[in-house]
Amino acid sequence: MRFELSEDQALLRSSTRDFCQRELPIDKTRVVMEQSKDGYEPGMWRSFADMGYLGLLLPESVGGQVLGAIELAVVMEEMGRVCVPGPYLDAVLAASVLATAGGHEQLLAEIVSGRKLVVLARDDSPYRGNRAEPTRFSDGRVRGTKYFVPFGARADALLVVTSDGLVLVDAPGNMTALETMDQGQRFVAVALDHPATFVGPLSLLERIDQIGAVGAAAMLLGVMDRTLEITLDYVRTREAFGRPIGAFQVLQHRMADMLLRAESSRSAVYRGAWCCDTRVVETALACASAKAYAGDAARYVCGQAIQLHGGIGFTWELDLHFFFKRAKTLEQRYGATEAQLENALAAAGY
Amino acid sequence: MRFELSEDQALLRSSTRDFCQRELPIDKTRVVMEQSKDGYEPGMWRSFADMGYLGLLLPESVGGQVLGAIELAVVMEEMGRVCVPGPYLDAVLAASVLATAGGHEQLLAEIVSGRKLVVLARDDSPYRGNRAEPTRFSDGRVRGTKYFVPFGARADALLVVTSDGLVLVDAPGNMTALETMDQGQRFVAVALDHPATFVGPLSLLERIDQIGAVGAAAMLLGVMDRTLEITLDYVRTREAFGRPIGAFQVLQHRMADMLLRAESSRSAVYRGAWCCDTRVVETALACASAKAYAGDAARYVCGQAIQLHGGIGFTWELDLHFFFKRAKTLEQRYGATEAQLENALAAAGY
Amino acid sequence: MDLQLSPQHLAFREEVRGWLAANADRPWREVLRGSTATEDSLIEARRVWQRKLHGAGYLGMDWPAEWGGRGGGPVEQAILETELIEADAPPILNTLGIGLLGPALIHHGSEEQRRRFIPPMLAAEEIWCQGFSEPGSGSDLASLKASAVLDGDDFILNGQKVWTTFGPWADWIFVLARTDGKDRYGGISFILCKLDTPGITVRPLRQITGESEFGEVFFEDARVPRTNLVGEIGEGWRIAMTVLAYERGAISFTQAVQYGRDLGRLATACKEIGRTGSAVREKLGRLLVENEVMRANGIRTLANFADGKAPGAESSIEKVYWSEFDQRFRETALDLLGPGGQLVRTSPEARDDCDWARQFLWSRAETIFSGSSEVQRNIIAKRVLKLPQDPR
Amino acid sequence: MDLQLSPQHLAFREEVRGWLAANADRPWREVLRGSTATEDSLIEARRVWQRKLHGAGYLGMDWPAEWGGRGGGPVEQAILETELIEADAPPILNTLGIGLLGPALIHHGSEEQRRRFIPPMLAAEEIWCQGFSEPGSGSDLASLKASAVLDGDDFILNGQKVWTTFGPWADWIFVLARTDGKDRYGGISFILCKLDTPGITVRPLRQITGESEFGEVFFEDARVPRTNLVGEIGEGWRIAMTVLAYERGAISFTQAVQYGRDLGRLATACKEIGRTGSAVREKLGRLLVENEVMRANGIRTLANFADGKAPGAESSIEKVYWSEFDQRFRETALDLLGPGGQLVRTSPEARDDCDWARQFLWSRAETIFSGSSEVQRNIIAKRVLKLPQDPR
């Protein structure tokens, strides 16, 4: 038994960390988040392709890296540490579905090389639990409205979840931007009544839902890790009442709790990723647990990071709010906590 | 507007506190809790009668004091401070029902003078949510099994809640003791197939459920208040790492949180009691809120009191465990938190 | 015990309700969502509304009539605020002037200062901001460094203030400045400065919500007449502390009204989107109960006020309670609503009952400003529980 | 990364399962509920079970074979414990002897001490208890005052120890005693004492649960041969700290197995009593997820052990996690079950799947013993986060 990454995996981590520090520091991505209309930067996307990130899970035949969930977790964790904007995980998941369904080599090659973006369109309503009309596929057309399609405005095609299976549709022009509080994640609503092609049954989602959960949890881990680092640096130097605030016991215990949550998330994320790759029976439970736990953990860590910074933590100038907002977005997506708890219960047979 | 007690109410508080300190110190009631078969001491009960506590809410015609929920809260709070064992609140509630139903003057006079004990029998199952056979009343007989009848072994009669209304039955002999972790509260299960007399409709319960909630919340307040006092005394003198442990910031903030919960419970309890007496529209919401909040608050306060005492807090010798256990019993009775949340939602029309 | 409003108070409530029915603008949340709303237009709307309220005699409820007040008490003030919340009226513009500086001038200012500053403050002709915190002095406010040195009939101010609410739109600032470097508390003075004084620069500070309600104010040899000193030299700390106690007031009472209103909207929203399961109900139930207990705390404080009892360090309990409740509430709202709750208010699918996303973000500030939760718990431990203090 | 058990480990698990299928007694929870069960009879049952395990070679899994161990590693130990939990086997009797003293003797004891003490310890012929804490020294263990003064070939012990698990039934105690009053850490020595030594008195200490698993031990001029010193004079603190690290081990891993078993029982109980609403499911779901994360923590630690990495101060994170989870779990169980969950195990209506009331009460101890949550968080802050320490 061994928890440490393999040599190759450790190399991937260090090269990804270098890449992120060099190409994706928040100073730089801030411009994308604050000013870009679509929250998307083609140059950044091409560099993802160059690094091989876009084909991480895909077969060699389409230019992929044939790697697994552990490697995805490594990349997502590093991207979380710099709070990367953009639809990276969405693109990976959609490509995974297409690869498993088979027969999309041309499109996949274009995805891997960064020339095309395909994302999943799932939500039938903007509000949780709302009973909306389901999206249907019949007579070669997809009909219905999808909400919170990630970066739909930049997508070339949508992989639409309908009650009749997964279908692929060219991205229509009539999208409505759904602006949320997270400047690094952009969404659209799209009304569909368009020709589409059948990709495969809904069961294709099962595995990518597990990978998506682990990937999102890994980004949450990176978010927590970096947020805690920033906070530790701050409390060591900031003084109040004649000493560094990091010397106050209440703040020390708070940070111990932040560390507990970050480290426990780390255990859960990499165990979940290992389960995905090994396809053991506990995979569903492990992935659901990692995502549900990391979502709550990041909410705590990012919220307390702001608290420990005091007023300055609440300013736009400081980076903390990007992490805080991302934590909330991720907690609600890729299987929100509520849904993951049900997944866990179902997996345990409770 | 005035939150302080009236002169009469303040007098009731000071006389009750004197009485409790003199007659009911834990050193003394400990013997009842640890050794008495029924957890009940007739001498104590007679002194309750002498103090007028047993007829607190009852009309003068049966020897009662014609007082209200505020006075009951004062007495319950003081009894909570010494963690009195016995069925005091149960007796008050049952008597209240009989008085409102009318026609039980003889029995009520005996209750007020401490010669007879009548308690409510409500639970159809020992486990929450269990769908058990409801208790029925027909042809002058009550049939069914009741669980967690408080101090049933010492009761002269039971006021049984059936789906056909409230009925009075002489206490049968065939009771089964249900021993719980709280030595100050004793319960029985009783299988009924006995002649009984009809007392009134279930609507009689509505008001006593509100009074019961406030009364139990007031005892929880007393429990919290005293537990916090004991803890404050301890942390001021106990030393570790060269200073009184009460100087450690983490423990200080913990105690601030304990105080916050105790004081907020105080506001809620007395507001609830005032609402009961004034019969304003917000009574149902205020009473449910007081009980639900105080139940959670006492769980926190008593649990943390043990934690702050360290190992010694966990011993039988120290009184803390009696408070801790009572907090749990009260939280689950007189409308458990779960039920009170529903009461509150219903009252608010949500 | 008597928690009933008196007949006079009930009559006052009827009066306010009647006035609001005739004079209230359209609900503030609709104004906020309006497609033409800008930060400037919202500021103007608040100014207009403040003048309307002032014209009707509803500002400075508990100030002497001589100073434009109504000579009422905290109960009238609480009733007024309650009705304003229920009517979803705009906030007034000069919150800090009327909430903090007004009382400071009435209790500690000179006759001349009152005459000069109170009327334009009430009429929203001079908007005030507060200059207490500094980049290096937040929780430990008494460590502030901005200095005021007497030079003839002027003070010369240097330093930097931060978190000056409405800095960007304000005309004046009331400042705590150090007049004695050696005396931690007794070396602080309370000084009024016009923001267009040469040497004073205001820079807006953008917040997590994207708004710029706060600002930074820089002082570089800014010259302010000595007559702008409130109280005596060295009295600033005492004045500030008295005045901050006002800010807390019977705040639980009015907060509970506001949360109750928003909570009702959340409950309705949950029904509308079909979220009626027991898990959702339990969450709503807990918030409801906690809010009712907050209301009870507020009623108790208000009754004590009315009974002539000044609130002590117990007000720290209320601050911790409502600010931490605010975070739980706003977070739960987003959990229940799902991604739709994260939409900004101008987004096409955003609900129009409340700006849930903004309230969620803003809730993080509640436990920081006006004395962080950590500082409040220190105060409770020291002044209420009288726990032994760290010998340092 | 590789979290798979090796073929050897899988084979060992099969072996243990086979042995348990043939040798396990009736489930311990049934023994506990038996109408004839007394504290003494339960102690005896544990003694018998320990001997059976010892006979099969399952004690001291990771000790050298020379000392009655099996020469296995932490993974074998974890597998064994897992299977014992799944089989609901009784706990062994000499937990502290085998968990703490055994490793102390193997690493720090003399050849003669090992020969003298280890065999009867394994065979449950001599039961050991631990004498570390004192009434005045709990969290601040190094302030302990019990003294050992050399007098010829003997130590003379004076003082009092408390929380000595199994004090009332133990034959021996290992004690931390002060041999130098001036040196806080270096003045502590590790000494073995027979409890029937003149001058030693044992008094059982009743706990919140009503049981007396703990005791107090009083020393009044008790004379103990110098040969009972483990290590050198003044080495006691170092030995104790090494040994306590053993106690923590891969505890999250086995705890998760035990909580998982009880959680499954709670889920079944909820179904049986008709509690299937979303509020109940959410509570069960949260506990399930938290337990899975604890398991992941345990797997990580175990893998690190197997990979040759000794656990550091991070073990404090695990202690905080599982002990606080225990409280949430046991409390939630009582909330879900209602009053029936508060019944003592011998009560007629009590469920026979778990002693919910006792576990609830006991959970309060978990965050206190073996280093309270407060001490653990101090350790995390100091040794893992390296935060500035209070200058005092």
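Any value given below was found using the heavy atoms of this structure, including those in side chains, with hydrogens, waters and symmetry copies removed. So you know, we letter chains A, B, ... as the sequences are listed, proteins then strands, and number each from 1.
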Check whether any side-chain heavy atom of [X] lies under 4.5 Å from a side-chain heavy atom of [Y], and answer yes or no.
X: D/Val280; Y: B/Glu338; answer: no
X: B/Thr337; Y: D/Asp335; answer: no
X: D/Ile208; Y: B/Met181; answer: no
X: D/Glu374; Y: B/Leu251; answer: yes
X: B/Asn130; Y: D/Arg275; answer: no
X: D/Leu343; Y: B/Leu178; answer: yes

Heavy-atom proximity to chain D below 4.5 Å, by part of [X]:
X: B/Ala240; value: both
X: B/Tyr147; value: side chain
X: B/Ala132; value: neither
X: B/Thr329; value: both
X: B/Gln185; value: neither
X: B/Phe148; value: side chain
X: B/Thr315; value: both

**Message:** Determine whether the aromatic ring centres of residues D/Trp362 and B/Phe314 are separated by less than 6.0 angstrom.
**Reply:** yes
**Request:** Locate the shortest heavy-atom distance separating B/Pro126 from D/Glu349; write the atom from each residue and the value.
**Result:** CG-OE1, 3.9 Å
**Request:** Grab the two heavy atoms, one from B/Trp316 and one from D/Gln207, that are nearest each other, plus how far apart they are.
**Result:** CE3-O, 3.1 Å
Any ion pair linking [Y] and [X] (charged N to carboxylate O, less than 4.0 Å)?
X: B/Glu317; Y: D/Arg203; result: yes
X: B/Glu179; Y: D/Arg345; result: no
X: B/Arg238; Y: D/Asp140; result: no

**Message:** Which one wins on heavy-atom pair count under 4.5 Å against chain D: B/His309, B/Arg254, B/Arg333, B/Gln183?
**Reply:** B/Arg254
Out of [options], which one racks up the most heavy-atom pairs below 4.5 Å with chain B?
options: D/Ser143, D/Ala279, D/Ser347; answer: D/Ser347
options: D/Val162, D/Val344, D/Leu336; answer: D/Val344
options: D/Gly277, D/Pro339, D/Ala357; answer: D/Pro339

**Asked** Without hydrogens or angle criteria, can the side chains of B/Gln307 and D/Ser372 be said to hold a donor-acceptor pair below 3.5 Å?
**Response** no
**Request:** Output, in order, the C-alpha distance, side-chain angles, deciding distance and verdict of side-chain contact (heavy atoms from CB on, under 4.5 Å) for D/Glu331 and B/Lys328.
**Result:** CA-CA 10 Å; D/Glu331 216 163 299; B/Lys328 192 71 194 171; 4.1 Å; yes
**Separation between CD1 of D/Ile368 and CD1 of B/Ile312, rounded to the nearest 0.5 Å** = 10.5 Å
**Item:** Atom pair NZ (B/Lys325) and CG (D/Leu361), whose distance is rounded to the nearest 0.5 Å
**Value:** 5.5 Å
**Plane angle bin for D/Phe360 and B/Phe324 - parallel if under 30°, tilted between 30 and 60°, otherwise perpendicular** = parallel
